[in-house]
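What follows is a single structure, written as structure tokens, with notes after it.
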Amino acid sequence: MLKTIINTLLFLTPILVMIFIALFQRKTKKLSYEVILDIPLVTVSSKIKDKIRIYFDSKVVENPQLVIVRFTNTGNQPISKSDFEENIVLKFSDISQIIQCDASELFPENLRLEFNHDQNSVTINPLLINERESFNLNLIIDNHNFDFYIIDRIKGLRVEKYKEPFFISSTWFNILLTLSVYLLIIFLILYNLEPVATPEGFINRLNNIPI
């Protein structure tokens with residue numbers, strides 16, 4: 001029985017390793033976004049709200065919000081200008097009013113980002129964005145309702161909300177491989193149901209396992 005289990009594990013291990021390597025090397029195009037900040041610029045008590053006026057750049061505003069949205073190429077393939085059939089558009093609610101929009105945290109610094117905005121939308125022009133390159137859009141919005149959607153038309157992908165991948169790096173692969181080895185050792189030790197006090201005893205136990 002044990003011989004069958006060990007032979008099965010020895011057969012499956014290289015297959016699993018090949019699957020993990022294939023997952024790491026798979027070519028994928030991904031452009032992700034995440035809202036990293038969404039806070040009010042000014043907080044006013046409801047008791048005195050009617051008695052206070054808030055100005056931004058000489059304009060009266062009601063509930064100005066600072067919204068920062070980060071875009072990142074989370075795939076392992078570059079996204080080129082030719083991949084864009086249409087611009088990327090961030091569409092906010094009809095009652096929202098975008099007061100200001102600028103960019104920051106461009107990586108790399110020479111990333112050629114061009115965009116513009118109207119009352120309730122931001123348009124990002126086609127651009128080359130390589131693997132792990134990113135940029136932030138910083139918006140000040142009046143009457144923002146904490147929601148927006150994205151309109152896009154890019155070859156081979158959709159702009160989607162960022163999700164933390166399970167395998168962030170090869171470190172996870174090494175951890176899983178190490179755990180698998182430890183679990184196999186524990187199984188072999190428990191098979192004889194006797195404690196092993198020393199490393200020499202452990203080696204002898206492995207050598208004396210009936211197969």
Side-chain angles (χ1 to χ4, degrees), residues 28-166 168:
T28 56
K29 279 188 177 184
K30 288 184 180 180
L31 183 57
S32 304
Y33 74 92
E34 57 180 322
V35 178
I36 61 175
L37 194 63
D38 193 340
I39 59 171
L41 284 180
V42 181
T43 303
V44 180
S45 172
S46 57
K47 295 181 180 179
I48 59 173
K49 186 175 182 180
D50 295 337
K51 301 179 181 179
I52 292 179
R53 284 191 175 185
I54 303 171
Y55 290 85
F56 184 90
D57 197 18
S58 302
K59 296 180 180 179
V60 178
V61 293
E62 295 182 9
N63 300 298
Q65 295 275 136
L66 173 61
V67 180
I68 300 180
V69 184
R70 174 179 293 153
F71 288 84
T72 307
N73 181 342
T74 51
N76 54 21
Q77 297 294 301
I79 301 168
S80 66
K81 282 187 176 182
S82 61
D83 290 330
F84 287 74
E85 184 173 323
E86 298 178 0
N87 297 336
I88 298 174
V89 178
L90 284 71
K91 189 70 175 178
F92 295 84
S93 67
D94 293 338
I95 63 171
S96 298
Q97 183 175 0
I98 300 174
I99 303 170
Q100 179 176 302
C101 181
D102 57 42
S104 66
E105 304 293 333
L106 272 66
F107 176 75
E109 292 183 357
N110 63 347
L111 187 69
R112 296 190 175 183
L113 173 65
E114 298 178 354
F115 60 92
N116 57 76
H117 72 88
D118 56 23
Q119 178 174 326
N120 57 9
S121 65
V122 179
T123 301
I124 303 172
N125 295 340
L127 75 160
L128 169 64
I129 179 166
N130 293 310
E131 179 183 357
R132 296 302 167 187
E133 293 185 350
S134 61
F135 61 89
N136 290 356
L137 288 181
N138 310 316
L139 301 100
I140 297 178
I141 307 176
D142 195 19
N143 292 321
H144 176 46
N145 64 354
F146 302 96
D147 195 17
F148 66 90
Y149 62 93
I150 291 183
I151 304 170
D152 65 272
R153 188 69 177 168
I154 306 174
K155 182 180 179 181
L157 65 89
R158 296 299 304 272
V159 182
E160 297 180 344
K161 196 168 185 178
Y162 177 75
K163 294 181 180 179
E164 191 75 20
F166 179 73
I168 300 174

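Closest approach of Asn120 to Ser93, counting heavy atoms only: CB-O, 3.4 Å. Between Arg132 and Phe107, the shortest heavy-atom distance links the atoms O-CD2, 3.5 Å. Shown here for Lys91 and Ser121, the closest heavy-atom pair between the two residues is CD-CB, 4.0 Å.
Checking Ser104 against Asn138 by side-chain atom types alone, a donor-acceptor pair falls below 3.5 Å. Side-chain atoms of Thr72 and Thr74 include no donor-acceptor pair closer than 3.5 Å. Under the 3.5 Å distance criterion, with hydrogens and angles disregarded, a donor-acceptor pair is assigned to the side chains of Gln65 and Asp38.
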Give the C-alpha distance, both sets of side-chain angles, the deciding distance and a yes or no for side chain to side chain contact (heavy atoms under 4.5 Å, CB included) between Arg70 and Phe135. CA-CA 6 Å; Arg70 174 179 293 153; Phe135 61 89; over 6 Å; no
Evaluate the side chain to side chain contact (heavy atoms under 4.5 Å, CB included) criterion for residues Phe71 and Ile150: first the C-alpha distance (whole Å), next the side-chain angles of each, then the deciding distance (0.1 Å), finally the verdict. CA-CA 12 Å; Phe71 288 84; Ile150 291 183; 4.1 Å; yes
Steps toward side chain to side chain contact (heavy atoms under 4.5 Å, CB included) verdict (Val122, Phe148): CA-CA 11 Å; Val122 179; Phe148 66 90; over 6 Å; no
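In this structure, the side chains of Phe92 and Leu139 come closer than 4.5 Å at one or more pairs of heavy atoms. Side-chain contact check for Ser32 versus Val159: every heavy-atom pair is 4.5 Å or farther apart. Contact of the Asp142 side chain with the Asn63 side chain is registered, since non-hydrogen atoms from C-beta on lie closer than 4.5 Å. Side-chain contact between Leu157 and Lys30 is absent, with no heavy atoms from C-beta onward closer than 4.5 Å.
For Asp118, the CG atom sits in a packed shell: over 12 heavy atoms of surrounding residues, nucleotides or ligands are nearer than 6.0 Å.
Note that NZ of Lys155 is 13.0 Å distant from CZ of Phe84, once rounded to the nearest 0.5 Å. In this structure, the separation between CZ on Arg112 and CD1 on Ile129 is 15.0 Å, given to the nearest 0.5 Å. For the atom pair Leu111 CG and Asn73 CG, the distance stands at 10.5 Å (nearest 0.5 Å). To the nearest 0.5 angstrom, Leu31 atom CG is 11.0 Å from Lys29 atom NZ. We find the CG-CG distance between Leu127 and Asp83 to be 10.5 Å, quoted to the nearest 0.5 Å. Rounded to the nearest 0.5 Å, atoms SG (Cys101) and CG (Leu137) are 5.0 Å apart.
No donor-acceptor pair under 3.5 Å is formed between the side chain of Thr123 and the backbone N or O of Phe115.
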